[in-house]
Amino acid sequence: MENQIICLDTSVLIDYFRKVNKSKSFFYELTKEYDLFAVSAITEF
């Protein structure tokens with residue numbers, strides 16, 4: 001996809017950081033399709 005920003009939810013980030021094998025996470029799969037990611041201020045906090 002071109003010029004699209006994906007806003008990540010906490011569940012996506014938690015899944016990524018908890019997995020030992022990062023390549024099996026949903027976030028890893030998203031990186032194959034999208035280049036830009038964002039998190040909300042609430043998620044960052």
Side-chain angles (χ1 to χ4, degrees):
M1 294 283 155
E2 191 173 313
N3 294 329
Q4 289 189 353
I5 298 175
I6 302 298
C7 186
L8 298 175
D9 186 36
T10 53
S11 60
V12 175
L13 297 172
I14 290 169
D15 174 59
Y16 177 77
F17 288 118
R18 284 190 176 170
K19 289 201 187 262
V20 175
N21 187 353
K22 306 292 189 200
S23 63
K24 291 186 178 181
S25 68
F26 183 62
F27 178 63
Y28 184 82
E29 294 299 320
L30 287 174
T31 61
K32 294 178 183 177
E33 282 190 54
Y34 301 98
D35 294 328
L36 298 173
F37 297 94
V39 293
S40 70
I42 301 300
T43 302
E44 184 178 348
F45 179 68

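Quick note: numbers below take in every heavy atom, side chains included, and nothing from hydrogens, waters or symmetry partners.
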Which atom of Val39 lies closest to which atom of Glu44, heavy atoms considered: CG2-CB, 4.4 Å

Please list, one pair per line, the donor and acceptor atoms closer than 3.5 Å that link side chains of residues 12-22 to other protein atoms, with sequence neighbours excluded.
unit_1: Asp15; atom_1: OD2; unit_2: Phe26; atom_2: N; d: 3.3
unit_1: Asn21; atom_1: OD1; unit_2: Ser23; atom_2: N; d: 3.3
unit_1: Asn21; atom_1: OD1; unit_2: Ser23; atom_2: OG; d: 2.6
unit_1: Lys22; atom_1: NZ; unit_2: Tyr16; atom_2: O; d: 3.1
unit_1: Lys22; atom_1: NZ; unit_2: Phe17; atom_2: O; d: 3.4
unit_1: Lys22; atom_1: NZ; unit_2: Lys19; atom_2: O; d: 3.1

Separation between CD1 of Ile6 and CG of Asp35, rounded to the nearest 0.5 Å: 10.5 Å

Ser40 versus Cys7, closest heavy-atom pair with distance: N-SG, 4.1 Å

Ile5 versus Phe37, closest heavy-atom pair with distance: CG2-C, 4.3 Å

Verify same cluster id: Tyr28, Leu8 (apolar side-chain graph, 4.5 Å): no

